[in-house]
Amino acid sequence: MYRRDRSVQLGGSSSALYNNLSVLRLPQRQLACFCTVHGPAVNVLSAATDGLGGSQRQLRRRWGGRSPPGSLPRGPAAWCVLPARVLLVLTSQKGVQVRGLLWGASSRFLPAQAVFARGISAAGERFICVGTSSGTVLVFDIPHKGTNVTVSEVLEEHRHAITDIAAELGQGAGDLVTADDAGALCIWSSGEEFTLLNKIPALGCTCSSVKLWNGVVAAGYGNGQIRLYEAATGVLRAEVNAHARWIYALDLAPLTGKLLSGAEDSFVHVWKLSRNPDTDDVEIEHCHAECVTDTQICGARFCDPEGCSFAVTGYDLSEIFRYSQV
């Protein structure tokens, strides 16, 4: 059971983009850092666990020292946590910017055939993957220090625009999943060279959000379904008619297997994933439902690795709703 906590006020609002909320937990400072996209700006703010205090600023993507005309983003920004550093990755119609907490931005323009970037995830020990509208996935090699960010590889299995990317650090084979507008999923093994392990065919319905947990792929679709696949084999293990409308966001709490889903139908659901110790079946149990009245939800994230609290953004909403377990 969850209850509504004090909201965090935004300087702007949130655009109707998939997965338009990213949360960085700083437990040693009792802070959470949020970022959400509105138009050409990224709202970055921090707040204490009780919703009080903190700071806020707006970042605008700049290329060549100025903001390009018409550079409205087509995808959200995201915090990426690597073992050696924490980075904020911004996307726009021009390209990708990687920002450190203590240094400026490193910018990379998109390939000529790509119109926008969408889908961001840290992968392995030193990589960040970013999807594009052409279906390619750019793999950025992040140095332990400095700003010399390079594109080490381009993954080219998808034929439609990338929607989301997720990874699971330390999982081994099948530790990265990419999704596209047609609903196809590709499961990869990350490393010095990324290797394709499985390709799950398109459903004819957009897969808008994906997550990985203990070798299980959780995928949310435009028809409101959540599907669970084995990452190692691509086999479908469970499916749930979770929402009445398009799913915009999924998140997983890595320590407990809780799954969070948010959709256009104004509902946020909390689920529990587990494996049956006798049969090794993947099971999903419904735990909680929350209606965010008259809100088209576009972002939903847990605020801690146990899934004891979560945050929600909505289209054109100038606050972040927060909930905690009771």
Side-chain angles (χ1 to χ4, degrees), residues 6-24 31-47 51 53-63 66-80 87-99 101 104-105 107 110 115-121 130-133 161-165 206 208-209 245-251 260 262-266 268 292-303 310-323:
R6 185 187 298 270
S7 297
V8 178
Q9 298 301 311
L10 287 170
S13 60
S14 299
S15 296
L17 304 170
Y18 303 145
N19 308 297
N20 193 5
L21 176 65
S22 185
V23 179
L24 173 66
L31 285 175
C33 295
F34 305 89
C35 72
T36 179
V37 170
H38 176 71
V42 180
N43 298 307
V44 179
L45 61 152
S46 62
S55 61
Q56 183 168 172
R57 62 175 174 155
Q58 281 196 340
L59 302 177
R60 291 181 179 269
R61 283 146 274 217
R62 296 180 181 275
W63 303 85
R66 59 177 182 169
S67 298
S71 62
L72 294 179
R74 294 292 185 96
W79 296 105
C80 289
L87 303 167
L88 179 61
V89 180
L90 317 178
T91 61
S92 77
Q93 291 177 340
K94 284 285 186 177
V96 179
Q97 275 190 0
V98 181
R99 292 175 177 247
L101 295 181
S107 302
L110 291 177
V115 178
F116 59 86
R118 183 173 60 188
I120 304 165
S121 179
V130 179
T132 72
S133 61
I162 301 297
T163 51
D164 197 21
I165 303 174
T206 295
S208 50
S209 192
R245 299 190 67 181
W246 202 290
I247 292 175
Y248 261 61
L250 293 181
D251 196 24
L260 182 68
E264 281 185 337
D265 61 3
S266 301
V268 180
V292 188
T293 307
D294 297 329
T295 299
Q296 179 185 329
I297 293 167
C298 55
R301 287 288 182 270
F302 285 118
C303 299
F310 63 87
V312 175
T313 55
Y315 170 59
D316 213 22
L317 194 68
S318 58
E319 57 187 323
I320 297 174
F321 293 133
R322 297 169 60 251
Y323 300 84

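Sequential numbering from 1 along the given sequence is applied to the chain's residues.
Between the Ser209 side chain and the Tyr248 main chain, no donor and acceptor come within less than 3.5 Å of each other. Although no hydrogens or angles enter the test, the distance criterion places a donor-acceptor pair under 3.5 Å between the side chain of Ser133 and the main chain of Phe116. A donor-acceptor distance shorter than 3.5 angstrom exists from the side chain of Arg322 to the backbone of Arg6, with no hydrogens or angles considered. A donor-acceptor pair is defined here as one N or O able to donate and one able to accept, closer than 3.5 Å; no such pair exists between the side chain of Thr36 and the backbone of Ser14. Listed for the Arg118 side chain is a donor-acceptor partner under 3.5 Å among the backbone atoms of Ile162. Between the side chain of Gln56 and the backbone N or O of Gly11, at least one donor-acceptor pair lies under 3.5 Å. In this structure, Ser266 contributes its side chain and Thr293 its backbone to no donor-acceptor pair below 3.5 Å.
Remark: Leu317 CG to His38 NE2 distance equals 12.0 Å, nearest 0.5 Å. Distance check: Cys80 SG to Leu24 CG gives 10.5 Å after rounding to the nearest 0.5 Å. One finds the CG atom of Asp164 at 8.0 Å from the OG atom of Ser121 (value rounded to the nearest 0.5 Å). Distance CD1/Ile320 to CG/Leu10: 4.5 Å, rounded to 0.5 Å. A distance of 7.5 Å separates CG in Leu21 from SG in Cys303, rounded to the nearest 0.5 Å. To the nearest 0.5 Å, the span separating CG on Asn19 from CD1 on Ile247 amounts to 11.0 Å.
In this structure, Val23 and Arg301 approach most closely via the heavy-atom pair CG2-CB, 3.6 Å. When every heavy atom of Trp79 is checked against every heavy atom of Cys33, the shortest pair comes out as NE1-O, 3.5 Å. Considering every non-hydrogen atom in both Gly314 and Cys298, the closest pair reads C-SG, 3.7 Å. Counting all heavy atoms, side chain and backbone alike, Ala249 lies closest to Ala300 at CB-N, 3.6 Å. The minimum heavy-atom distance linking Gln9 with Ser318 is given by the pair OE1-O, 3.6 Å.
Considering only residues two or more places apart in sequence or on other chains, Phe34 meets the ring pair (Phe, Tyr, Trp, His ring centres under 6.0 Å) condition with none of them.
Using bins of under 30°, 30° to 60° and over 60° for the plane-to-plane angle, the ring pair Phe302/Phe310 lands in the perpendicular bin.
At a cut-off of 3.5 Å, with distance as the only test, no side-chain donor of Thr313 or Asn20 sits close to an acceptor on the other residue.
Tested against Cys35, the residues Asn43, Leu59, Leu88 include a single side chain to side chain contact (heavy atoms under 4.5 Å, CB included) partner, Leu88.
With contacts defined as side-chain heavy-atom distances shorter than 4.5 Å, the pair Tyr323/Val268 does not qualify.
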